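Just below is one structure, and these are the notes that go with it.
The structure displayed is predicted, hence computed values, not measured ones. Protein chains get the first letters and strands the later ones, always in sequence-line order, with residue 1 at the start of each.
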Amino acid sequence: MTRPLFAEFATVIDAALDALVAQGTLPAGLARGAVTTEPPRDPAHGDLSTNAAMVLAKPAGTNPRALAAALIPELTRDPRVVSAEIAGPGFINLRLTPAAWLGELRLIAHAGDAYGRSTMGADSVVNVEYVSANPTGPMHMGHCRGAVVGDALATLLAFAGHRVIREYYINDAGGQVDVLARSVHLRYREALGHDVGAVPEGLYPGDYLVPLGQALAAEFGTAYADAPEAEWLGLFRTRAVAAMMAMIRDDLALLGIHHDVFSSEAELQAAGKPAAAEAWLRAHDLVYDGVLEAPKGKSDEEWEPVELPLFRSTRFGDDQDRPIRKSDGNWTYFGADLAYHFQKAQAADALVDIWGADHAGTVKRIRAAVAALTGAEGTAKPFEVKLVQMVQLLRDGVPVKMSKRAGNFVTLADVVREVGKDVVRFTMLTRKPDAQMDFDFAKVVEASKDNPVFYVQYCHARTCSTLRKAAAEGFVPDAAALDRLGDEELALIRLAAQFPRVIEGAAQAREAHRVAFFLSDLAAGFHAYWNVGNDRPEKRFIVADDAALTGARLFLAAQIGQVVKNGLAILGVTAAEEL
RNA sequence: GCGCCCGUAGCUCAGCAGGAUAGAGCACCAGAUUCCUAAUCUGGGGGUCAUGGGUUCGAAUCCCGUCGGGCGCACCA
């Protein structure tokens with residue numbers, strides 16, 4: 001066998017359905033997309049369960065149980081099937097031979113680091129844009145979750161057979177980076193000995209700009225100290241953004257995150273991309289000059305009706321048409337972002353954006369833009385925005401106070417230094433992204449079974465230590481006597497064998513956290529099996545007077561460790577060999 | 001006023017493209033541990049899946065309404 005068991009049986013079921021079609025029992029051409037092959041919720045129901053009869057009964061004009069009855073003789077032809085029975089409303093439950101499961105164990109050993117890899121993605125290109133923090137300062141914890149979620153998703157998609165582009169969009173064209181440039185200029189003058197006093201309201205106060213000011217003072221001397229802004233703004237902006245991006249890359253590297261592509265908004269604009277997009281949209285009557293309505297529910301005292309070039313996002317489900325340029329003629333963030341997404345779409349088959357939840361309000365317009373720009377001929381490129389909720393930092397249950405104004409936010413680098421990359425990454429994936437989460441410094445480093453990070457890593461380390469100890473006693477993993485493995489061991493194999501399914505499901509849903517939850521389950525299963533050995537020494541991995549059984553058990557331990565390792569690799573977490 | 005996300009056990013959360021008796025951990029209760037595989041273990045109680053309708057053979061899951069919580073609502077990125 002060269003394919004994971006669940007994938008293998010999906011085709012077995014498919015073939016059985018084909019046989020029914022050939023017999024004339026089942027009409028040809030029925031859509032089988034809803035047919036599933038999965039483990040039953042209750043293990044007592046068997047090893048594999050399919051809903052094929054239930055899903056196809058209606059379109060076939062029959063009832064589920066009758067269809068199931070016809071399907072069963074076909075399914076039991078497979079020598080790996082011990083029994084097939086109809087259950088409940090029309091499920092077919094299959095029991096497989098132990099040998100089938102032992103084969104899966106051999107497959108894990110054979111595939112090694114590639115176990116779970118899928119060709120589902122069919123080499124299609126997915127662009128995952130994540131982080132994209134403004135280049136105005138170091139990464140703080142607000143960016144962290146999106147960074148980890150995006151990075152793990154990118155790895156997951158690659159594992160599932162996609163070609164992945166990891167991309168970072170640098171917002172280096174708006175007013176924020178002018179503010180940055182001014183803030184740096186202040187530090188530059190400060191470095192030259194000018195008395196600058198307190199950092200004025202509206203500029204970035206953080207100390208991280210001090211070294212840059214000093215470097216610029218060393219490089220340019222007093223040349224720009226009293227010069228008008230127009231003479232230095234562009235230069236300082238460029239230098240500041242470059243310095244901030246270097247800092248951000250270093251911060252990301254601490255988490256093991258490396259993007260393939262960094263796209264600059266300023267370069268995009270300089271290359272005329274937004275203008276080209278506007279022209280194209282105007283030609284298709286998707287941009288027009290109009291006046292927005294005053295926002296409802298707000299006082300309209302400050303409201304001034306202005307004619308602006310508006311994108312018809314309402315045609316694609318947005319609540320309001322959106323301006324792509326400001327009244328001063330500059331591009332709005334959206335105007336540039338729209339062109340940016342078009343650019344990304346040209347180099348990819350599908351797009352995923354990872355955004356902070358505070359940007360939820362702009363999802364509709366960008367979705368509309370992608371639909372408009374990529375859907376002109378035929379179907380639009382698949383595009384998803386994944387929102388990531390905020391993280392509340394706690395220290396022993398007490399919220400960590402942060403004030404952006406004072407500049408004393410907790411940086412990502414601080415947190416990684418304190419608790420480590422692996423803890424940060426795994427913890428960020430222990431909750432679905434659209435739920436808020438707490439990150440408690442005390443809890444995430446706790447070495448107990450209550451901490452999933454530890455629990456999963458300990459599982460891997462335990463398999464390693466077992467193999468080390470066994471080796472010292474002269475035992476090695478050996479598949480020769482796998483048939484000595486019993487029900488407890490087979491249960492563990494069944495659990496591990498779900499890994500390929502989990503990968504495909506998670507990739508399809510673009511949800512890397514499912515991998516983390518699966519690993520917790522697998523670790524729980526492994527630890528539970530281990531604990532059986534407490535009371536029953538004959539169930540331990542090393543049974544000193546039975547080399548064949550010990551070899552088989554060690555083989556099992558090695559493969560469980562392998563699956564945990566593969567899962568952790570997707571999450572970007574080190575599979576430590578000892579803790 | 002509108003939009004988006006959320007509402008599952010006392011607490012923190014899963015629930016896999018609707019599927020079989022809704023799961024896990026914590027907490028709680030009752031036991032176990034002279035054996036070192038104790039970085040504990042076994043067992044147990046506990047849920048009208050916010051709520052009211054609808055679709056379906058079948059709904060925590062899909063649709064609509066209501067209540068409650070969070071976030072966002074012009075040329076700021």
Starting from C1' on B:U37, measure out to CZ on A:Arg468 and report it in whole angstrom. 15 Å

A:Asp358 CG to B:C73 P, straight-line distance once rounded to whole Å: 9 Å

Kindly list each side-chain donor-acceptor pair under 3.5 angstrom involving residues 360-368 of chain A, sequence neighbours excluded, with atom names and distances?
residue  : atom : partner  : partner atom : Å
A:Thr362 : OG1  : A:His359 : O            : 2.9
A:Lys364 : NZ   : A:Asp319 : OD1          : 3.2

Assign each of A:Tyr529 and A:Asp438 to its nearest nucleotide of RNA chain B by heavy atoms, then name whichever residue's nucleotide is nearer the 5' end. A:Asp438

Could you tell me whether A:Asp353 and A:Lys344 have a side-chain N and a carboxylate O separated by less than 4.0 Å? yes

Just to verify, what does A:Asp440 make a side chain to side chain contact (heavy atoms under 4.5 Å, CB included) with, not counting sequence neighbours? A:Leu394, A:Ala442, A:Lys443

Taking only residues two or more places apart in sequence, or in another chain, which ones meet A:Pro309 in a side chain to side chain contact (heavy atoms under 4.5 Å, CB included)? A:Glu278, A:Arg282, A:Val287, A:Asp289, A:Ile324, A:Arg325

What is the distance, to the nearest angstrom, from the CH2 atom on A:Trp355 to the P atom on B:C5? 14 Å

Assign A:Phe518 to base, sugar-phosphate, or nothing according to its heavy-atom contacts below 4.0 angstrom with the strands shown. nothing

Going 5' to 3' through nucleotides 17-27 of chain B and flagging B where a protein heavy-atom sits under 4.0 Å of the base, S where only the sugar-phosphate is that close, and - otherwise, we get B-BB-----S-

A:Phe526 CZ - B:A39 P separation (whole Å): 14 Å

Determine whether the side chains of A:Glu129 and A:Tyr168 contain a donor N or O and an acceptor N or O closer than 3.5 Å. no

Restricting to side chain to side chain donor-acceptor pair (under 3.5 Å), what partner residues turn up for A:Asp328, sequence neighbours left out? A:Asn330

Distance, rounded to the nearest Å, where A:Gln389 contributes CD and B:G70 contributes C1': 7 Å

Give me the distance, rounded to whole Å, that separates B:G54 from B:A17 when you measure between the P atoms they each carry. 27 Å

Say you pick atom P in B:G3 and the same atom in B:G46; how far apart are they, in whole Å? 42 Å

A:Leu522 CG to B:A14 P: how many Å, rounded? 20 Å

Under 3.5 Å for both distances, Watson-Crick or G-U wobble, that's the pair rule; now give the dot-bracket for RNA chain B, with | marking pairs to another strand and [ ] for crossing ones. (((((((..((((.....[...)))).(((((.......))))).....(((((..]....))))))))))))....

Assess the side chains of A:Tyr204 and A:Gln176: does a donor N or O sit below 3.5 Å from an acceptor N or O? yes

Spacing of the C1' atoms in B:G10 and B:C35 (rounded, Å): 38 Å

Which value, in whole Å, describes the distance between the C1' atoms of nucleotides B:C26 and B:A9? 12 Å

Residue mapping more 5' on RNA chain B - nearest nucleotide basis, A:Asn134 or A:Gly361: A:Gly361

For A:Tyr340 and A:Phe342, I'd like to know if the aromatic rings sit close, meaning centre-to-centre distance below 6.0 Å. no

Any base atoms under 4.0 Å from A:Val306, or only sugar-phosphate, or nothing? Heavy atoms, all strands. base

Would you classify A:Phe334 as touching base, sugar-phosphate or nothing, given that sugar-phosphate means primed atoms plus P, OP1 and OP2, and contacts are heavy atoms under 4.0 Å? nothing

Taking the P atom of each, how far is B:U56 from B:U12, in whole Å? 37 Å

Please state whether the phosphate of B:G3, meaning OP1 or OP2, lies under 4.0 angstrom from any side-chain nitrogen or oxygen of A:His359. no

Using a 4.5 Å cut-off on heavy atoms from C-beta on, say whether the side chain of A:Leu519 contacts that of A:Leu571. yes

Is the phosphate of B:C41 approached by A:Asn531 (side-chain N or O, under 4.0 Å from OP1 or OP2)? yes

Gap in Å between the two C1' atoms, one belonging to B:A14 and one to B:G25, rounded: 10 Å

Answer yes or no as to whether B:U37 has its base stacked against A:Trp530, where stacking requires a ring-centre separation under 5.5 angstrom and planes under 30 degrees apart. yes

Roughly, in whole Å, what's the span from CZ in A:Arg365 to P in B:C76? 11 Å

Does the cation-pi check pass for A:Arg322 over A:Phe311, that is, NZ or CZ under 6.0 Å from the six-membered ring centre and within 45° of its axis? no

Taking every heavy atom of A:Pro323 against every heavy atom of A:Asp321, the minimum-distance pair comes out as CD-O, 4.1 Å

Using whole Å, report how far CG of A:Asp434 lies from C1' of B:C6. 8 Å

Please measure how far the C1' atom in B:C67 lies from the corresponding atom in B:U21, and state the result in whole Å. 31 Å

Can you identify which nucleotide, out of B:A14, B:C4, B:C75, has its nearest atom closest to the A:Phe517 side chain? B:A14

Report yes if at least one side-chain N or O of A:Lys364 is closer than 4.0 Å to OP1 or OP2 of B:G3; otherwise report no. no

Report the nucleotide, chosen from B:U37, B:A77, B:C16, that has the shortest atom-to-atom distance to any side-chain atom of A:Arg501. B:C16

According to a strict under-4.0 Å criterion, is A:Lys432 in side-chain N/O contact with OP1 or OP2 of B:A14? yes

side-chain contact (heavy atoms from CB on, under 4.5 Å) between A:Met437 and A:Gln389, worked out: CA-CA 8 Å; A:Met437 80 182 286; A:Gln389 286 287 344; over 6 Å; no

Nucleotide nearest A:Lys58 when distance is taken to its side chain, options B:U37, B:C57, B:A77: B:C57

Pick the P atom in B:G7 and in B:U51, then give their distance to the nearest Å. 13 Å

Pick base, sugar-phosphate or nothing for A:Thr362, based on heavy-atom distances below 4.0 Å to the nucleic acid. base

